[in-house]
Every structure is written in structure tokens, then in C-alpha cells.
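Heads up, the thing below is written out as C-alpha cells.
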There are 2 protein chains.
Amino acid sequence: MVSGETVIMEPKRQVGQGCCTPIRPRLEDEAARDAANLLKALAEPARLQILDILVQRGGLVCVCDFEGVVGTPDPKTGQRPKQPTISHHLKVLREAGLVGYEKQGLWAYYFVHRERLADVQAVLALLT
Amino acid sequence: MVSGETVIMEPKRQVGQGCCTPIRPRLEDEAARDAANLLKALAEPARLQILDILVQRGGLVCVCDFEGVVGTPDPKTGQRPKQPTISHHLKVLREAGLVGYEKQGLWAYYFVHRERLADVQAVLALLT
DNA sequence: ACTATGCATTGACGAACATCGATATAAAGC
DNA sequence: GCTTTATATCGATGTTCGTCAATGCATAGT
């Protein structure tokens, strides 16, 4: 980091009176909470791969397509997450508004809500 | 959902032989894991607000600036997270490569690693 | 009616996380 | 030296999360 060299023009900060001018994030508490919840829904390998497949397919995908295909393989058994786990991840994505689904007979067909993905990108664009 | 109406061109899926053609996510396991770890580092209101302030300031910000300013207020006490918690969040952001810092005397000045934020946006762009 | 299938939900478990108070470290000023 | 200040780290606690086996619930096929 070349810390011996860096010169910050930072003049006169008296210890004990607070070193900096007060500041508030532009991101208000509620907006930060909402954004964090969206990001939390995304922050899982299995869920990212589910979304990837949904986008790749560009349409409706039934749940059985995800089984044995997404999620990190168990280091011991080499097995990927099973059906109840997939269903759980899909529920998380649903509740975050990132995907929707239709029931057709025995199958459930999922699709992406692209607007919601755009919301995430909008938040990240704020930090650029 | 209009589920009575939706017509999917659904040709002949025999129950029991798997309903769909096999598919793999373009997002490989390791890439998915890395992306998820980055998103996990972002998926916290306090950390989003920290990054927001860092970007807003456009330069070096010392830790004390974040105290009492970022993070969700405790519903009971109305208090925001205290110094050890802020320090913890900064460590998480550091380890994710999202921020860096320089030590100047008593103070630690943090700054954003914009390239890393770009990495996150690149992953999300894949899903669009 | 009976069986098999696709999917959701429940309950349990361990791992990971956010937060805190207390303590440690390290530099500045006396 | 000692004290104060800014930050990091440690240990404990309560909560959230990912995963599974078991179960429930429709629907399809016989």
C-alpha cells in the first residue's frame, strides 16, 4: 500500500473532538434493508445457477430440471442438493420477487422476473 | 397467473422418464461460489451504507465516520451498531476485496475497490 | 380405487452470522 | 514513564441459513 508515501491533505484533526464531518448515507435505512434482502436472495450458488438456467432457457422451466444440476456438490458424497432443497431455494427466490411460476398439471414451471433483477442492478449502479 | 389460459407448446412429456432435456448452468460451480461470496458480503444494510458513504465521499474515510451512522437501528433501543460491529463489517468487506485501507497514525482510512464492484455487476449482467 | 409422480412443506440439525461487552494493540500527547 | 484515543480482536449469545428425511398433496395413468 506504500503507506510511507501517501500524503493525505487532511489538515488538523484534533483527537477527541470527532475526526470527521458528520455524514449520512444516501441509502436510507429502509432502502438499504430492501436492497440487502434482494442481494441475500441472490447470494447463494444454487440460486444463482437456477436464475442462470431460467435466463438461459428464456422461458418456463420445470423444477425437475434443477435437480442434481444446481448447487455446490457435497464435498464428501459429491451429490448436489436434492428436491426439497431446490424447492426451498425456489421459495426464497419467489418471496424475493425474483421468479414466478405457473402450475400445469403435475409440473411447476418457473420463470424470471427481469424487472426485479433490474432493481438489484440499479442499487449497485448507485455505488459506482 | 391466469393459469386457466396459458398454453405451453408442451409436447409429450412422459411421466417417469424425466420431464425435460438435461441442462447445465453456464455459471460453473466455482464461478457461482465466488459470485455468491461477493454478493453475501454486499447483502447487509450496514455494509451497503458503508460502501455508499465511501463512494459518496469519493476518497478516504476513517472508521469513526461510520459509527452511529450506518446499520439498522435496534428496534428496542433505537441504537445503531457500535464500533466492534462496524469493524467487523469492514473486515468482511476487506476480505471480499471490496474495500482497502491505509493506516495513518491512529486512524484507518478506507476506500472502495471499484473493480470489485464491477465484478459483481458483470455477474448480474449475465442474468439479463 | 389404487399407485406412482412432481412438487411443497415441516421439523430437525449443524454451520454461519450479527451483535455485544471486554480486552488488546498501537500511536499521540503529556 | 502514563493516559488517552482509534481501531482491531476475542468470546459469548441469539438468530438466521442450508440441508436433509419424512410427510403431505395434488394430478396422471392404470
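Chain letters run A, B, ... following the sequence lines, proteins first and then strands; every chain starts at 1.
- Taking a 4.0 Å limit (strictly below) on heavy-atom distances, residues 68-80 of chain A does not reach DNA chain C anywhere.
- Of the candidates D:dG18, D:dA8, C:dT9, D:dA8 carries the atom nearest the B:Tyr101 side chain, counting heavy atoms from C-beta on.
- Put simply, A:Thr85 has no side-chain N or O that comes within less than 4.0 Å of OP1 or OP2 on D:dG18.
- In this structure a side-chain-to-backbone donor-acceptor pair under 3.5 Å is missing from B:Arg114 to A:Thr128.
- A salt bridge is defined here as a Lys NZ or Arg NE, NH1 or NH2 lying under 4.0 Å from an Asp or Glu carboxylate O, and B:Lys82 with B:Asp74 fails to meet this definition.
- Of the candidates D:dT9, D:dG18, D:dC17, the closest approach to any side-chain atom of A:Arg47 belongs to D:dG18.
- With distances taken from any side-chain atom of A:Trp107 to the nucleotides C:dA8, D:dA6, C:dC7, the minimum falls on C:dC7.
- Residue B:Glu115 qualifies as enclosed at atom CD: its count of foreign heavy atoms under 6.0 Å is above 12.
- Contact between the side-chain N/O atoms of B:His88 and the OP1/OP2 oxygens of C:dC20 is not found at any separation under 4.0 Å.
- In this model, a side-chain donor or acceptor of A:Gln83 finds a partner on the base of C:dA8 within 3.5 Å.
- Between the B:Glu44 side chain and the B:Ala46 main chain, a donor and an acceptor come within less than 3.5 Å of each other.
- For A:Gly105 and A:Val92, each mapped to the nucleotide of DNA chain D holding its nearest heavy atom, the one lying further toward the 5' end belongs to A:Val92.
- B:Tyr110 has a side-chain polar atom (N or O) that falls below the 4.0 Å cut-off from OP1 or OP2 of D:dA8.
- A sub-4.0 Å separation between OP1 or OP2 of D:dA8 and a side-chain N or O of B:Ser87 is present.
- In this structure, the side chain of A:Arg80 engages the main chain of A:Gly71 through a donor-acceptor pair within 3.5 Å.
- The aromatic rings of B:Phe111 and B:His113 sit perpendicular, their planes meeting at an angle over 60°, well past the 30° parallel limit.
- For B:Glu44 and C:dA18, a side-chain-to-base donor-acceptor distance below 3.5 Å is absent, hydrogens and geometry of angles not being considered.
- For A:Arg33 (side chain) and B:Thr72 (main-chain N/O), no donor-acceptor pair under 3.5 Å exists by modelled atom type.
- The nucleotide whose nearest atom lies closest to any side-chain atom of A:Cys64 is, among C:dC7, C:dA8, C:dT19, C:dC7.
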Pairs: protein N or O with nucleotides 10-14 of chain C N or O, under 3.5 Å:
none

